[in-house]
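Each chain gets a letter, A, B and so on, in the order the sequences are listed, and its residues count up from 1.
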Protein chains: 2
Amino acid sequence: MPKVSDAHRRARREEILAAALRAFTAKGYQRTSMADVLAESGLSTGAIYAHFAGGKRELFVAVARTTLLRRNEELVAASSGVEPPSPGEILRIVLGGVLRDGIEPRILLQLWSEATIEPEILEMVHEAIGVVRTSFRAALERWFVQHPEYAPDGPEAAAERILPVLLGLGQGFMVQHSLFDGFDAEAYLDAATAVLPS
Amino acid sequence: MPKVSDAHRRARREEILAAALRAFTAKGYQRTSMADVLAESGLSTGAIYAHFAGGKRELFVAVARTTLLRRNEELVAASSGVEPPSPGEILRIVLGGVLRDGIEPRILLQLWSEATIEPEILEMVHEAIGVVRTSFRAALERWFVQHPEYAPDGPEAAAERILPVLLGLGQGFMVQHSLFDGFDAEAYLDAATAVLPS
DNA sequence: GTCTATATCTGGATAGAC
DNA sequence: GTCTATCCAGATATAGAC
């Protein structure tokens, strides 16, 4: 296989996905037309369908999947230190990236909404959330091992129990960050950290 | 004004809104066509546009607004007792109704997603969430007044601080209830109650 | 007020030239 | 691989009869 062609292909795909992300974020999945993605990318119909035969849906799935898993990468990268982060710190690490570029939460709300309707998209969410859950669980367990006073029935059970709450706090953060005018991210994280064990 | 005509009008509007709710819940706002609402209601184009000139958007705003505020009504109704509910109990009260008919969270996810894109819908969300927030704040304050050990700087400040966390836990509940297979609502509420002051 | 019929528009996806 | 031109399906909203 020709090396150049392959690299080119990857680059084009990334280029198209970046354009799709911008378009979806601006107008939402459903309202975004292929024409919008075309305009954003500077390419033409044929060019895009050559790379993504699945059309709009495939573009969205690819973009949303990457976005979901990026949250996970930050957790994995940050929690490999010697001192395991506390639940509150885990939340802060994961949501820290969201604050840097404020576009992510919006596409996640789009994603959740779509997943409610489209089985194919729901399936992708399940798969990606499984990865995220595994990372969270592992990070929590490591902390509970060092703080057995909060885990009377063992670190695994404690981690499993608090996991949905931690995810829920993250999801609530996304919603409020996207919808509430003047949302105070720091205050939210402080209050969340205050209720979580530490 | 003719009494009968007015009652009839109201009844028709309710009928149409109920049909719209079913349609939006099944297919999502964007994918729902007027034809879907027509089929669901058994009426015809002219009949619906006579009552809702604003078309699909007006129907969605009306339906979503009602859904949002219904959460609030349950809190108001339940928290008027002598003993103010704790934060965990407040969450349980508000989310209790969601469990009875599992359709609400789905339309709320749709709503949040739409609010991200459409200013008119965002405005409605702001207004409705303002009402909800006021109820939550009042209920929390009443509890903190009776439990000053959790409110070193006064019940108002404590209520204001924990309010976003409580909302976030509720929003996270909606997301997980809609998307996660085998979501354990009781376990979620138990874990949330465990971290909240009581 | 309500129905049927339809005008008008938009969007996704394909065909075929280069 | 990419571009241009286009087909066709589906959707909103209106017009006019009853």
For [X] and [N], what is the distance between atoms [atom1] and [atom2] respectively, to the nearest whole Å?
X     : N      : atom1 : atom2 : result
A:R12 : D:dG1  : CZ    : P     : 10 Å
B:I16 : C:dG1  : CD1   : P     : 11 Å
A:R13 : D:dT2  : CZ    : P     : 12 Å
A:D36 : C:dG12 : CG    : P     : 8 Å
A:E58 : C:dA13 : CD    : P     : 11 Å
B:Y49 : C:dC3  : OH    : C1'   : 15 Å
A:L43 : C:dA13 : CG    : P     : 17 Å
A:L38 : C:dT10 : CG    : P     : 16 Å

Query raised in the report: Given the rule in the side-chain contact (heavy atoms from CB on, under 4.5 Å) test, do A:E114 and A:V125 qualify, once you have shown the distances and angles that lead to the verdict?
Result: CA-CA 10 Å; A:E114 277 309 305; A:V125 170; over 6 Å; no
Which nucleotide sits closest to the side chain of [X]: [options]?
X     : options               : answer
A:H51 : C:dT4, C:dG12, D:dT2  : D:dT2
B:M34 : C:dG12, D:dT2, D:dT12 : D:dT12
A:S44 : C:dG12, D:dT2, C:dG1  : D:dT2
A:A47 : C:dC3, C:dG12, D:dT2  : D:dT2

Query raised in the report: Charged N to carboxylate O below 4.0 Å: is that the case for A:R100 and A:E74?
Result: yes
Query raised in the report: Where each residue is assigned the nucleotide of DNA chain C containing its nearest heavy atom, which of A:G46 and A:R31 is assigned the position nearer the 5′ end?
Result: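 Looking at DNA chain C, the more 5' nearest nucleotide goes with A:R31.
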Query raised in the report: When you look at CD of B:E15, are more than 12 heavy atoms from neighbouring residues, nucleotides or ligands closer to it than 6.0 Å?
Result: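 It does: B:E15 CD has more than 12 such atoms within range.
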Requested in this report: Determine: side-chain N/O of B:R9 to OP1/OP2 of C:dG1, distance under 4.0 Å, yes or no.
Outcome: yes
Report task. Scan side-chain atoms only and decide if A:S33 and A:D36 contain a donor-acceptor pair under the 3.5 Å cut-off. Result ->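 There is such a pair (donor and acceptor under 3.5 Å, judged by atom type) between the side chains of A:S33 and A:D36.
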Query raised in the report: Are B:R133 and A:F180 in a cation-pi contact, defined as NZ or CZ under 6.0 Å from the six-membered ring centre and within 45° of the axis?
Result: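 The answer is yes, since B:R133 meets both limits relative to A:F180.
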